Amino acid sequence: MAEYTHGGDILSARAQCPGEVLDFSANLNLLGMPEEVRRAAEGAVADCIHYPDPYCRSLTAAIAAADGVSPDMVLCGNGAADLIFRLAFALRPRKALVTAPTFSEYRQAAEAAGCTVEHHLLSPENDFTLPESILSRLTPELDILFLCNPNNPTGQPIDGQLLEKILARCREAGIRLVVDECFLDLTDDGMERTLAPRLEKFPNLVLLRAFTKSYAMPGLRLGYCLTAHRGLLEALGSCAQPWSVSTPAQAAGLAALAHPEHPARARALIPGERDLLARGLRELGLRVFPSKVNYLLFQAPGVADLKERLIPRGVLIRSCANYEGLGPDYYRAAVRPRAENERLLQALREVL
């Protein structure tokens, strides 16, 4: 079995620490799952004697209304990762470009579809911000560009003016531009950076969204994509198994959309808790990179086993050793409520 390298592997952590484990490895809304979403998912179990709606009709209509797009621009999936792999197999690109570091599924999906993947390296000296030099890589030989905004694991959003230049260059060169906006709802300025209003003008643009992070429901697996390219949506639909979104997931999504204040409440809390956590990490001699979202990338120079040291103390963080462009002493921690953040800092004091 292939090694699991993502965050959220709470079961493996509990095998080493039988008591409570605080999970800082998954970047979820610090307020947790809304009670209304939990009740909706539980209530939908009674309907599981029937197949789920294969077209997610009610959910698609609600997403379109919330995001200000036409319902025929929305496609739901079993999490954003499902849609990333569908994109790779529907498009069969020959050459893809991703930044490094960034979410690993872009590369994995493209390579699984037989695509050659190139990396545009981000520099720690520039806090891993996306530089304008990426524009020189956007030539007609490139088939698809994956961007994460804000980036995971660095927490850095893309400069708005640069993103406009990328949009224009990709359209000119015939490049499919896929922008992952899964963390925008938990970013300091919220959805102000979304490219949804640009979809009609740029049919080569695909946006990825998910309920996972903003509503803390990763176990329900629910994501969606937006694009004005209707033919692409049909191709993506043909690359999916039937009934890929369960009945409880669809019900939970509808309940979540009825409570748009939930991510907004979290956004009001994140900056203060993030600053406290960053300050505590720096006081321990760790190198902390700036972030505008609900997680922090930091480096523990020369310490490659920090994750393993913390698990016996009931704390799980994300090792970033598997990210292209990062070393084994890079880590990521979610911003959690105050008491949990203080417990993380205390555990770090004990092991460093």
Side-chain angles (χ1 to χ4, degrees), residues 6-10 13 20-42 59 62-63 66-67 76-81 103 148-157 180-194 207-224 245 248-278 291-297 315-318 332-344:
H6 292 285
D9 188 9
I10 200 73
E20 178 195 15
V21 176
L22 294 182
D23 187 6
F24 289 84
S25 70
N27 304 325
L28 306 180
N29 186 320
L30 54 75
L31 296 176
M33 183 191 296
E35 181 63 21
E36 296 84 355
V37 172
R38 184 189 65 79
R39 287 201 300 265
E42 289 179 351
L59 179 58
I63 289 171
D67 288 351
C76 296
N78 187 33
F103 188 52
C148 193
N149 188 31
N151 195 23
N152 176 16
T154 66
Q156 287 281 20
D180 186 337
E181 296 187 343
C182 285
F183 284 105
L184 267 190
D185 236 356
L186 297 176
T187 303
D188 290 356
D189 43 9
M191 298 302 291
E192 292 180 14
R193 296 175 182 269
T194 180
L207 302 182
L208 296 171
R209 304 269 184 85
F211 292 82
T212 304
K213 311 303 190 302
S214 51
Y215 289 92
M217 45 186 276
L220 284 166
R221 309 307 307 138
L222 181 59
Y224 62 97
V245 183
Q250 292 186 44
L254 281 168
L257 289 169
H259 293 278
E261 78 284 352
H262 189 68
R265 286 174 55 216
R267 283 199 305 273
L269 298 172
I270 289 167
E273 295 304 321
R274 186 180 62 220
D275 291 348
L276 179 144
L277 186 56
S291 171
K292 296 293 185 182
V293 71
N294 66 323
Y295 50 87
L296 288 168
L297 177 69
V315 173
L316 178 63
I317 62 173
R318 172 70 154 89
R332 192 193 67 202
V335 175
R336 304 292 306 155
R338 177 67 54 90
E340 295 184 21
N341 294 332
E342 290 177 345
R343 182 168 160 186
L344 168 61

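Small disclaimer: the values here were computed from a predicted structure and weren't measured. These values consider heavy atoms only, across backbone and side chains, with no hydrogens, waters or symmetry-generated copies.
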Report task. Using the side chain to side chain contact (heavy atoms under 4.5 Å, CB included) rule, take Leu59 and Leu257 through it: C-alpha gap first, then chi angles, then the decisive distance, then the call. Result -> CA-CA 9 Å; Leu59 179 58; Leu257 289 169; 4.0 Å; yes
Query raised in the report: Which distance, rounded to the nearest 0.5 Å, do you find between the CZ of Arg39 and the CD of Glu42?
Result: 9.0 Å
Query raised in the report: Are the side chains of Asn29 and His262 in touch, meaning some heavy atoms are under 4.5 Å apart?
Result: yes
Report summary line: The side chain to side chain donor-acceptor pair (under 3.5 Å) partners of Tyr295 (sequence neighbours excluded) come to none
Report task. For residues Pro260 and Pro263, report the shortest heavy-atom separation together with the two atoms involved. Result -> O-CD, 3.3 Å
Query raised in the report: Given the rule in the side chain to side chain contact (heavy atoms under 4.5 Å, CB included) test, do Asn152 and Phe183 qualify, once you have shown the distances and angles that lead to the verdict?
Result: CA-CA 9 Å; Asn152 176 16; Phe183 284 105; 4.1 Å; yes
Report summary line: Paired with Asp188, the side-chain hydrogen bond (donor to acceptor under 3.5 Å, both in side chains) test is passed by just one of Lys292, Arg274, Arg267, namely Arg274
Report task. Might you work through the side chain to side chain contact (heavy atoms under 4.5 Å, CB included) test for Asn149 and Thr187, ending with a clear yes or no? Result -> CA-CA 10 Å; Asn149 188 31; Thr187 303; over 6 Å; no
Query raised in the report: Does the side chain of Ser291 come within less than 4.5 Å of Thr154's, by heavy atoms?
Result: no
Query raised in the report: What closest approach, in Å, do Gly253 and Phe211 show between heavy atoms, and which atom pair accounts for it?
Result: O-CE2, 3.7 Å
**Report entry** Rounded distance [0.5 Å steps], CD in Glu181 versus CE in Met191
**Finding:** 5.5 Å
Requested in this report: Kindly indicate, with the supporting measurements, whether the criterion side chain to side chain contact (heavy atoms under 4.5 Å, CB included) is fulfilled by Leu186 and Ile270.
Outcome: CA-CA 8 Å; Leu186 297 176; Ile270 289 167; 4.2 Å; yes
Query raised in the report: If every non-hydrogen atom of Met33 is compared with every non-hydrogen atom of Leu220, which pair is closest and at what distance?
Result: CE-CD1, 4.4 Å
Query raised in the report: Roughly how far, to the nearest 0.5 Å, is the CD atom of Glu342 from the CZ atom of Arg336?
Result: 14.0 Å
Report summary line: Scanning both residues in full, the closest heavy-atom pair of Ile63 with Cys76 reads CD1-SG, 3.7 Å
Query raised in the report: Below 4.5 Å, heavy atoms only, C-beta onward: do Arg221 and Thr212 meet side chain to side chain?
Result: yes
Query raised in the report: Can you tell me how far the NZ atom of Lys213 sits from the CG atom of Leu184, to the nearest 0.5 Å?
Result: 12.5 Å
Query - Straight-line distance of Leu22 CG to Asn341 CG, nearest 0.5 Å - result: 9.5 Å
Query raised in the report: Quick one: does Arg265's side chain get under 4.5 Å of Leu31's, heavy atoms only?
Result: yes
Requested in this report: With Arg209 as reference, evaluate Asp180, Asp185, Thr194 under the side-chain hydrogen bond (donor to acceptor under 3.5 Å, both in side chains) test and give the passing residue.
Outcome: Thr194
Requested in this report: Side-chain contact test, heavy atoms from C-beta onward, threshold under 4.5 Å: evaluate it for Leu296 versus Phe24 and give yes or no.
Outcome: no
**Report entry** Worked verdict on Asn27 versus Arg332 for side chain to side chain donor-acceptor pair (under 3.5 Å)
**Finding:** CA-CA 9 Å; Asn27 304 325; Arg332 192 193 67 202; 3.3 Å; yes
Query raised in the report: Is there a side-chain contact between Leu208 and Phe103, using heavy atoms and a 4.5 Å cut-off?
Result: no
Report summary line: Note: Pro248 and Ala41 closest approach over all heavy atoms is CB-O, 3.8 Å
Report summary line: Tested for side chain to side chain contact (heavy atoms under 4.5 Å, CB included) against Val335, the lone hit among Leu28, Leu30, Leu276 is Leu30
